[in-house]
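Notes follow once the structure below has been shown.
A quick note: this is a predicted structure, and the numbers were derived from the prediction, not measured. Chain letters run A, B, ... following the sequence lines, proteins first, then strands; residues in each count from 1.
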Number of protein chains: 4
Amino acid sequence: MKIADKHEKIVQAAIRVFAQNGFYNSKIAEIAKEANVADGTIYLYFNNKYDILITIFEEEIGKIIAKVKQEMARIEDPREKLFRFAQIHLSLVEENRDLAEVIQVELRQSSKFMKEYRNKKFAEYLNIISQIVKQGQAQGIFRSDVMPGIFKRAFFGALDEMSRFWVLSSKKKYSVNTAARQISKFFLEGIVAKEDA
Amino acid sequence: MKIADKHEKIVQAAIRVFAQNGFYNSKIAEIAKEANVADGTIYLYFNNKYDILITIFEEEIGKIIAKVKQEMARIEDPREKLFRFAQIHLSLVEENRDLAEVIQVELRQSSKFMKEYRNKKFAEYLNIISQIVKQGQAQGIFRSDVMPGIFKRAFFGALDEMSRFWVLSSKKKYSVNTAARQISKFFLEGIVAKEDA
Amino acid sequence: MKIADKHEKIVQAAIRVFAQNGFYNSKIAEIAKEANVADGTIYLYFNNKYDILITIFEEEIGKIIAKVKQEMARIEDPREKLFRFAQIHLSLVEENRDLAEVIQVELRQSSKFMKEYRNKKFAEYLNIISQIVKQGQAQGIFRSDVMPGIFKRAFFGALDEMSRFWVLSSKKKYSVNTAARQISKFFLEGIVAKEDA
Amino acid sequence: MKIADKHEKIVQAAIRVFAQNGFYNSKIAEIAKEANVADGTIYLYFNNKYDILITIFEEEIGKIIAKVKQEMARIEDPREKLFRFAQIHLSLVEENRDLAEVIQVELRQSSKFMKEYRNKKFAEYLNIISQIVKQGQAQGIFRSDVMPGIFKRAFFGALDEMSRFWVLSSKKKYSVNTAARQISKFFLEGIVAKEDA
DNA sequence: GATGAATGAGTCTTCATTCAT
DNA sequence: GATGAATGAAGACTCATTCAT
């Protein structure tokens, strides 16, 4: 452990506390305690409570985007990419419950944040999806009447709602793989039965 | 009946105020002012601030469910039902911006109470979707390997994210009909190009 | 007592508390206690702690100016006016110890206040003195080479320092009348012995 | 001797910072920065923040007293002494704006300690004035009914208020010499026109 | 001696809620 | 039922001071 990185300690503590109580019901004193630092120490690393929330989002989502992009790069088939995207997204949620809850739940309470800020990093994430669609369309694999701008939101929304279900229910009815497979299949093939020959 | 229903006046005022500032940044005094009543009057109709939020959810979502169910009842084909569901959902969002924003953003709180509460009415809404799927499967129209429990969340999530986009961006790039058609088509037929003849 | 004027109660309490501990060492809770109101009540009447200080100055000095002007009006001889001014000034200090201390001591700590604000009311007070001088000069009673702008400060300063002495020492070595007579005589006749004929 | 006397560096920095922001609004960190030392270093030279203020007063006023006494010693005539005292006092203020502001404004605090402390050095300064008066009275130059204890305060107060005017207004309407001459003349000869021939 | 990161006590201010009228 | 003045608990944030290096 590198000379106890206080910044990171505080961020991780805040993720736990925010996930537990929600942003507005979390007290700085609580985060400080969880991070094993004094209240005032937090203000050596962050400007204010809200700044911690922003930092969580910014730093953590950055890691996620990097990971997903890297993974996408090694896959060719856009159909498989879509499936893998779903799989990774849901896996990350499962592995980072608290973080997922903060992003899912707490960041949405701050409309200021959502309206002004979220777009930058978040748009980047969504655009990974639309890029896949565009690639597939260029290859003739996806229908050309699919609007990538709508698709990216629909696909993300589907995964996101599934995640929320997990995050909030704390009991997982379906496995990550099942959910990823089902959802990607919905979007790839639809649910209408192939009427056969 | 003009005797100004205070309860309703307060609820409507709260929807506006919550949508504007978020739940935690909204003050009772602000709601009272917006509703043209005294601060204390609010406590004759609601137990506390949080109770107003719950009431908004309960009453308003109830109206929506009723409206959607009614509409679904007059449609036969599950494929069309899905499309209409999307269309109605998105239309309601468009017509009730403030309410949509409150539900979208504020009700995502993680308070224990919310976690449990949300499910009741919300589950009812989601189940409209799974019922459609089950009906379609029973009729052999939808694939039998589609898991309704996952589908309902995926479909709702897709619509919900689309709504959030509208609610937050305040500029609508796509029409309700375009979005409803696209999204329902994604889920019905998928996006993979139908090969061959 | 008119329906317990909270505003006045708070102002009077603040004068006592500020005089006792100084502005920066006074706590809102202390003023509230002294005024027999809740902490929050203070904020129904004042914007913040500093606002109380300003209000004290503004309201109380206003009363003083009115009283002094009224008194000056009924005197003809500028020499007597000067004496009476000294007498009233010192009497007021004696009768309003706490207020005098706040104005003397606490208001001087806030340079922002002193630089920007003080001038308005304070200048009005000083100008009562320069008016007396000008009147005396017009009547040929006072030397014409006396600069009223310097005199008003010198005369006020002399009284003010005498007041400070009382306020801070809490033991009065000289009576108001003695001090007023001495000081006004200094300024009227000087201290150089009349060499006589 | 260039080994940067930290004590002096800190005192001078504090004078600037206190003059700028006032004692209570000045931060140790600010003084440290201005003095180019670490925060903690200040505590190697001073017990606490307040101690710096006291030190400023004690050391700087000591220098002033020495300078004034020295000057007085070389003058015979008490009338001239008075004029010179005024001149030196006002000159010092003009040459040491920041210090003057600190002494003027900050040392007027009402803390118990200050009330008592101030007297020691300050009394010494005031007594230079009363000594002049007593000398003049002994020589028959000043009226014997002049009370030196009142005179010293009146004379000092007059100069002090004039100084405050300069310190606060930052624009000087009158020159040091004009002010010194006017004020000393007020006190020596009064402002009443010499009647007769 | 010098540093500056860390501490945590201290306080102003907010605002949901109450209750006398 | 309606009012809105009053309440007071709660908490974010500051900053003088300490102390391990």
Side-chain angles (χ1 to χ4, degrees), chain A residues 3-7 9-10 23-33 35-52, chain B residues 3-4 6-7 9-10 23-33 35-52, chain C residues 3-4 6-7 9-10 24-33 35-52, chain D residues 3-4 6-7 9-10 23-33 35-52:
Chain A
I3 310 169
D5 183 349
K6 296 256 165 80
H7 176 97
K9 263 171 66 180
I10 294 167
F23 177 74
Y24 285 100
N25 293 314
S26 296
K27 285 160 248 156
I28 287 290
E30 217 173 340
I31 298 172
K33 200 176 176 185
N36 269 314
V37 297
D39 293 20
T41 304
I42 290 182
Y43 290 88
L44 295 177
Y45 296 89
F46 301 90
N47 297 321
N48 50 48
K49 189 181 164 187
Y50 188 62
D51 189 33
I52 307 177
Chain B
I3 311 173
K6 297 247 167 99
H7 175 97
K9 262 170 67 178
I10 293 167
F23 178 73
Y24 283 100
N25 294 313
S26 295
K27 291 165 221 152
I28 287 289
E30 215 175 340
I31 298 172
K33 198 176 176 186
N36 271 314
V37 298
D39 293 18
T41 304
I42 289 182
Y43 289 86
L44 297 175
Y45 295 88
F46 301 89
N47 296 322
N48 50 46
K49 188 181 165 186
Y50 193 62
D51 188 34
I52 306 177
Chain C
I3 310 170
K6 295 258 166 78
H7 175 97
K9 262 170 68 178
I10 294 167
Y24 285 101
N25 292 312
S26 296
K27 286 161 250 155
I28 287 289
E30 216 173 339
I31 298 172
K33 199 175 175 187
N36 270 314
V37 297
D39 292 20
T41 304
I42 290 182
Y43 290 87
L44 295 178
Y45 295 88
F46 301 90
N47 297 321
N48 51 46
K49 189 180 164 186
Y50 188 62
D51 189 33
I52 306 177
Chain D
I3 313 172
K6 297 248 166 97
H7 176 97
K9 264 170 66 181
I10 293 167
F23 178 74
Y24 284 100
N25 293 313
S26 296
K27 291 163 221 155
I28 288 290
E30 214 174 341
I31 297 172
K33 198 176 177 186
N36 270 312
V37 298
D39 293 19
T41 304
I42 289 182
Y43 289 86
L44 297 176
Y45 296 88
F46 300 90
N47 297 321
N48 51 47
K49 188 182 167 186
Y50 193 61
D51 189 33
I52 307 177

Open item on the list: I need the minimum non-hydrogen distance between C:I10 and C:T41, along with the two atoms involved.
Closed with: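 Taking C:I10 first and C:T41 second, the nearest heavy atoms are CD1-O, 4.5 Å.
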Open item on the list: Show the nearest heavy-atom pair for residues D:F23 and D:K49, with the distance to one decimal.
Closed with: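 Looks like O-NZ, 2.9 Å.
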Task: Residue mapping more 5' on DNA chain F - nearest nucleotide basis, A:N48 or B:A38 - done: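 The 5'-side residue here is B:A38.
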Task: Nearest-nucleotide comparison on DNA chain F, the residue closer to the 5′ end among B:G40 and A:Y43 - done: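 Result: B:G40.
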Please report, rounded to the nearest Å, how far the [atom2] atom of [N] is from the [atom1] atom of [X].
{"X": "A:I31", "N": "F:dC13", "atom1": "CD1", "atom2": "P", "answer": "11 Å"}
{"X": "B:K49", "N": "F:dA10", "atom1": "NZ", "atom2": "P", "answer": "16 Å"}
{"X": "B:K33", "N": "E:dC15", "atom1": "NZ", "atom2": "P", "answer": "14 Å"}
{"X": "D:F23", "N": "F:dC15", "atom1": "CZ", "atom2": "P", "answer": "13 Å"}
{"X": "A:D39", "N": "E:dA5", "atom1": "CG", "atom2": "C1'", "answer": "16 Å"}
{"X": "B:I52", "N": "E:dA16", "atom1": "CD1", "atom2": "P", "answer": "9 Å"}
{"X": "A:F46", "N": "F:dA12", "atom1": "CZ", "atom2": "P", "answer": "15 Å"}
{"X": "D:I42", "N": "E:dG4", "atom1": "CD1", "atom2": "C1'", "answer": "12 Å"}

Task: Residue-phosphate contact under 4.0 Å: C:K6 side-chain N/O, F:dA6 OP1/OP2 - done: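 Yes, within the criterion.
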TODO: Establish, from distance only, whether the side-chain atoms of D:Y24 and C:N25 form a donor-acceptor pair under 3.5 Å.
DONE: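 There is such a pair (donor and acceptor under 3.5 Å, judged by atom type) between the side chains of D:Y24 and C:N25.
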TODO: Could you provide the dot-bracket string of DNA chain F, using ( ) for intrastrand pairs, [ ] for crossing pairs and | for bases paired to another strand, with Watson-Crick or G-U pairs below 3.5 Å?
DONE: .||||||||||||||||||||
- [ ] Kindly say whether B:A35 contributes a backbone atom to a donor-acceptor pair with the side chain of B:K6 at under 3.5 angstrom?
- [x]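 No.
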- [ ] Walk me through it: do D:V37 and D:L44 pass the test side-chain contact (heavy atoms from CB on, under 4.5 Å)?
- [x] CA-CA 11 Å; D:V37 298; D:L44 297 176; over 6 Å; no
TODO: Could you tell me whether A:Y45 contacts a base, only the sugar-phosphate backbone, or nothing, with contacts defined as non-hydrogen atoms closer than 4.0 Å?
DONE: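 A:Y45: backbone/sugar contact only, no base atoms under 4.0 Å.
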TODO: Assign C:I28 to base, sugar-phosphate, or nothing according to its heavy-atom contacts below 4.0 angstrom with the strands shown.
DONE: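 C:I28: base contact, heavy atoms under 4.0 Å.
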TODO: Give me the ring orientation class for A:H7 and A:Y45: parallel if the planes are under 30° apart, tilted from 30 to 60°, perpendicular past 60°.
DONE: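 Answer is perpendicular, since the angle exceeds 60°.
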Task: Inter-residue atom distance B:I28.CD1 - B:N48.CG, 0.5 Å rounding - done: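 Reported to 0.5 Å precision, the distance equals 8.0 Å.
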- [ ] Just compare E:dT3, E:dT7, F:dA16 and give me whichever is closest to any side-chain atom of A:T41.
- [x]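 The answer is E:dT7.
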- [ ] Look at the side chain of D:L44 and decide which nucleotide, out of E:dA2, F:dG4, F:dA12, has an atom nearest to it.
- [x]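 Side chain of D:L44 sits closest to E:dA2.
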